[in-house]
Protein chains: 2
Amino acid sequence: MNCIDCTFKSSATKFLSKGEIEELSHNCAHVEFKKGEKIFKESSFSSNIIYLKSGLVKVHILGPKNEQITKITKASAFLGLPTTFNEKVNKYSATALENCKVCFIDLEVFKHFIYKNGVFAYQIITELCKNEIDSFFRCLNRTQKQITGRVADALLFFYHDIYEEKEFILPLTREEFGNYIDTTRESVSRIINDFQKDGIIKIKNKKIKILKEERLINISEKG
Amino acid sequence: MNCIDCTFKSSATKFLSKGEIEELSHNCAHVEFKKGEKIFKESSFSSNIIYLKSGLVKVHILGPKNEQITKITKASAFLGLPTTFNEKVNKYSATALENCKVCFIDLEVFKHFIYKNGVFAYQIITELCKNEIDSFFRCLNRTQKQITGRVADALLFFYHDIYEEKEFILPLTREEFGNYIDTTRESVSRIINDFQKDGIIKIKNKKIKILKEERLINISEKG
DNA sequence: TATTTAATGTGATTTATATCACATTAAAAT
DNA sequence: ATTTTAATGTGATATAAATCACATTAAATA
């Protein structure tokens, strides 16, 4: 497989020279993961940068009490950056929520690109900055909104940021949904069923249709 | 003021060439802030990278319910990166908890260093990666530990990461302490007084002495 | 030094949400 | 198709922590 022909290039990789792309091709392993498979695991050794070419992934950490889904990431994005640059051991896990295509890029080669290609480095920095800000706000919402608001938030997130359609198949179990918004499966269950009773959404198992977006936005804002 | 003689250089800045340091000197404003002063403000415009040379700072965001102290940062560190690289508007505020020395570095010059100096860029990337991981774990603790554990955590943080002494002057009011660990001033008050009753710490207003570190570690781990 | 203002302490009460317990349904495996 | 297992729904109860209310103390200001 040659990276030149890859149609899933990251915003950073687009700025690599032909020679660099060639170098990348020789130091990049393409792997496919099925829904539910672990891409990498907390506490395991890693010396690769992991790039999600297509699919949907949950990034999760085992906390003092429960598993927490730190974020849900849609392609294309780098998954393993924060882990790999500081430590050889992964600080979190990533699991495929849909079938995924992933590249494992050799760390030294990636580092070399940063050293030699400033535009590439700048793109990476931009992505990391965005991640940090997003992470601040996710935490803020997790700690300061009531569950109803957090459920509304999550539904809007799937609509706006992931599927871009009012009707979608929720890629999480109720329990995972709980892990994503820091609550229990019971509370998630109760609240989405309340939403249905109020005509805000329609649910059939994992299939969800958003009927009244404004109400969800309102609930999300009121906390 | 010339940056060559500056004794507060960041790990990244150490890798700048003489010419680059010269360029930095002409595009860097040194400012001092007194305890309590705002260094920059959420929603205000910014086109500078902000570098904390000395002192202690709280980074905070106004959430849907309360002010949240996102993190407490000791010199030396960059304060304004995640904000400035993506948006022209600050997404959070920073306030001096002690008297601080700060540099405002022109964004374009900083960007130029990233483009031209790969080692500099790599250092910045490393710092950002570390920030993201830290931010994940802070959020995990905030959401999954009970207040007692979070208070213990915070006290150990001031001991280990900030003052490196068992006795220190808490740089926060009880209310700010609450904002830092997502609780109310009343709860903070109750718990640190309980800790005192149990002989774990000694408090006199803002002066705190850690008497039984192991107990605090234990409380922190039990959640 | 006196006076005002801000910060802190502490009990009583309320509340959001976790936990527990069990029924029901869907999905997977045989 | 049948059985087993996993996921979901829903009421009753428990609980950590917020909120309220007011007293006390420290710090700032006149």
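Per chain, numbering begins at 1; letters A, B, ... match sequence-line order.
Note that the SG atom of B/Cys28 and the CD1 atom of B/Ile105 stand 5.0 Å from one another [nearest 0.5 Å].
Between B/Leu170 atom CG and D/dA26 atom P the separation is 16 Å, expressed in whole Å. Residue A/Glu176 contributes atom CD, which lies 14 Å from atom C1' of D/dT8 at whole-angstrom precision. Remark: C1' of C/dA16 and CG of A/Asp182 are 15 Å apart, rounded to the nearest angstrom.
B/Ser135 and A/Ser135 share a donor-acceptor pair across their side chains, judged by distance under 3.5 Å alone. For A/Asp182 and A/Gln68, the side-chain atoms include at least one donor-acceptor pair closer than 3.5 Å.
Of the charged side-chain nitrogens involved, none lies within less than 4.0 Å of a carboxylate oxygen, so that A/Lys71 and A/Asp134 do not count as a salt-bridged pair. Between B/Lys91 and B/Glu42 there is no salt bridge, since none of the side-chain N atoms of the basic residue sits less than 4.0 Å from a carboxylate O of the acidic one.
Aromatic ring centres of A/Tyr92 and B/Phe136 lie closer together than 6.0 Å.
Note on ring orientation: taking the six-membered ring where Trp is involved, the planes of B/Tyr163 and B/Phe168 are parallel (angle under 30°, cut-offs 30° and 60°). Ring geometry for B/Tyr180 against B/Phe158 counts as tilted: the plane angle lies between 30° and 60°, on a 0 to 90° scale.
For the helix from C/dT1-D/dA30 to C/dT30-D/dA1, the end axes, each set by the C1' atoms of five terminal pairs, are bent relative to each other by 60° (nearest 10°).
Comparing A/Lys65 and B/Glu186 by the nucleotide of DNA chain C that holds the closest heavy atom to each, the one mapping nearer the 5' end is B/Glu186.
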Apply side chain to side chain contact (heavy atoms under 4.5 Å, CB included) to residues A/Phe195 and A/Asn193 and explain how you reach the verdict. CA-CA 5 Å; A/Phe195 282 176; A/Asn193 288 320; over 6 Å; no
Show, in sequence, the C-alpha distance, side-chain angles and deciding distance for B/Phe40 and B/Phe104, and conclude whether the ring pair (Phe, Tyr, Trp, His ring centres under 6.0 Å) test is met. CA-CA 11 Å; B/Phe40 58 87; B/Phe104 289 81; 7.9 Å; no
May I have the step-by-step check of side chain to side chain donor-acceptor pair (under 3.5 Å) for B/His60 and B/Thr70, ending in yes or no? CA-CA 5 Å; B/His60 48 113; B/Thr70 304; over 6 Å; no
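Taking side-chain N and O atoms only, A/Arg185 has no distance below 4.0 Å to OP1 or OP2 of D/dA7.
Taking a 4.0 Å limit (strictly below) on heavy-atom distances, residues 142-150 of chain A reaches DNA chain C at A/Gln146, A/Ile147. For DNA chain C, the neighbouring residues in residues 187-209 of chain B, judged by any heavy atom under 4.0 Å, are B/Ser189, B/Arg190, B/Asn193, B/Lys206.
When the nucleotides C/dA18, D/dA7, C/dT8 are ranked by their closest atom to the side chain of A/Thr173, D/dA7 comes out on top.
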